[in-house]
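Report on the structure given below.
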Amino acid sequence: MILQAKNIKKTFVTGEVSQDVLKGIDFELNEGEFVAIVGESGSGKSTLLYILAGIDSPSEGSVTLLGKRLDGLKDEELAAMRRKDFSFVYQFDNLVPNLTVYENITLPLMLDKRKEEEYKDDVEAVVKYLGIDNRLKSFPRQLSGGEQQRVAIARALVTSPKVIFLDEPTGSLDKERGRQVMELLKDINQHRGVALVMVTHSLAHAEYASRIVRMEDGVIAEA
Ligand SMILES: Nc1ncnc2c1ncn2[C@@H]1O[C@H](COP(=O)(O)OP(=O)(O)OP(=O)(O)O)[C@@H](O)[C@H]1O
Ligand SMILES: [Mg+2]
């Protein structure tokens, strides 16, 4: 098992209003699994994904990712895991606008102080595989939504992570582009053995996963 979350609760307090967004969630992920998390808007999907990936912390409960309890890690340790062991693709694109596609993709490797000659061939293979090898010198604003999403996925892949978390990776794409990204994710999962945890609104896209988890008002309704 590569991820285990136990009794996750999250309460957001805004002014005098407090909202229980996650109400005791247990979640497990096995090596090489592809899990889709579905549920209505506001049901807590993104909040859960952020907590599973250590981007946010739970009010209660624990997350153990790749053998490490996230609440016991120092910031630098978590940052190092994020650069090497797992990646996150955000709901709203988060490419750096003033870096080229190539610089965006290799950013985690540069931050990890890896030498370009060590990763160049690997990056070339990944961008070719994703069909963006002719866009490397472009800036994000010069790309279509589907291309930007593929750049974000390339950036998530070049570190050879064991897990990728994705929040609505097809949310801003038309039907055909969305289908292509899903085919790609399925291929990444099956042929590279990368475990995926993907939040999606689309039941059709959730069908690409090996397991579907449905959230309803802060709890898992169906595992
Ligand atoms: N940082 C925050 N501060 C206060 N409330 C928040 C915060 N983040 C999320 N919430 C609230 O938590 C609830 C769940 O939000 P979340 O983003 O997890 O939903 P979601 O299932 O991902 O929805 P969507 O499908 O629209 O992306 C919402 O009511 C939201 O307003
Ligand atoms: Mg969301």
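Both ligands and their constituent atoms are indexed starting at 1 by order of listing. Keep in mind it's a predicted model, so treat the numbers as computed, not measured. Nothing fancy with the numbering, it's 1 onward along the sequence. The basis for the numbers below is simple: all heavy atoms, side chains too, and nothing from hydrogens, waters or symmetry mates.
- The closest approach between Gly39 and ligand 1 stays at or above 4.0 Å for every heavy atom of the residue.
- If you check the side chains of His205 and Thr200, you find no donor sitting under 3.5 Å from an acceptor.
- Using a 4.0 Å cut-off to heavy atoms of Ser41, the atoms of ligand 1 that qualify are 23 (O), 24 (P), 25 (O), 26 (O).
- Atoms of ligand 1 lying under 4.0 Å from at least one heavy atom of Gly44, given by number and element, are 14 (C), 18 (O), 19 (O), 20 (P), 21 (O).
- Residue Ile132 comes nearest to Ala154 through the heavy atom pair CD1-CB, 4.0 Å, listed as atom of the first residue, atom of the second, then distance.
- Regarding atom 15 (O) of ligand 1, its nearest protein heavy-atom neighbour is Thr47 OG1, 3.8 Å.
- No heavy atom of Lys10 sits closer than 4.0 Å to any atom of ligand 1.
- With ligand atoms numbered from 1 in the order given, ligand 1 contributes 21 (O) to contacts under 4.0 Å with heavy atoms of Glu40.
- Both the sub-6.0 Å distance and the 45° axial angle are satisfied by Arg211 relative to the ring of Phe27.
- Between Thr14 and ligand 1, no pair of N/O atoms sits closer than 3.5 Å.
- The aromatic ring centres of Tyr208 and Phe34 sit 6.0 Å or more apart.
- Put simply, Ser46 gets within reach of the Mg ion (ligand 2), with an N, O or S atom under 2.8 Å from it.
- The nearest heavy-atom contact from the protein to atom 1 (N) of ligand 1 is Phe12 CE2, 3.5 Å.
- Asp187 and Tyr129 share a donor-acceptor pair across their side chains, judged by distance under 3.5 Å alone.
- The nearest heavy-atom contact from the protein to atom 17 (O) of ligand 1 is Ser46 CB, 3.7 Å.
- Of the protein's non-hydrogen atoms, the one nearest atom 25 (O) of ligand 1 is Lys45 NZ, 2.7 Å.
- Of the possible donor and acceptor atoms, one in the side chain of Asp174 sits under 3.5 Å from a partner among the backbone N and O of Glu176.
- Closest to atom 27 (O) of ligand 1 among all protein heavy atoms lies Gln91 NE2, 3.3 Å.
- Note on Ile164: it does not cluster hydrophobically with Leu107, by side-chain heavy-atom contacts below 4.5 Å among ILVMFWY residues.
- For atom 23 (O) of ligand 1, the closest non-hydrogen atom on the protein side is Gly42 N, 2.9 Å.
- Contact annotation: for Gln19 versus ligand 1, heavy atoms closer than 4.0 Å belong to the side chain alone.
- Other residues, nucleotides and ligands contribute only 12 or fewer heavy atoms inside 6.0 Å of the CD atom of Glu216.
- Using modelled atom types, one side-chain atom of Arg150 and one backbone atom of Leu130 make a donor-acceptor pair closer than 3.5 Å.
- Of all atoms in ligand 1, listed by their number and element, those nearer than 4.0 Å to a heavy atom of His201 are 25 (O).
- With a 4.0 Å cut-off on non-hydrogen atoms, Val21 touches ligand 1 through its side chain and not its backbone.
- Side-chain atoms of Arg82 do not come within 3.5 Å of backbone N or O of Phe88 as any donor-acceptor pair.
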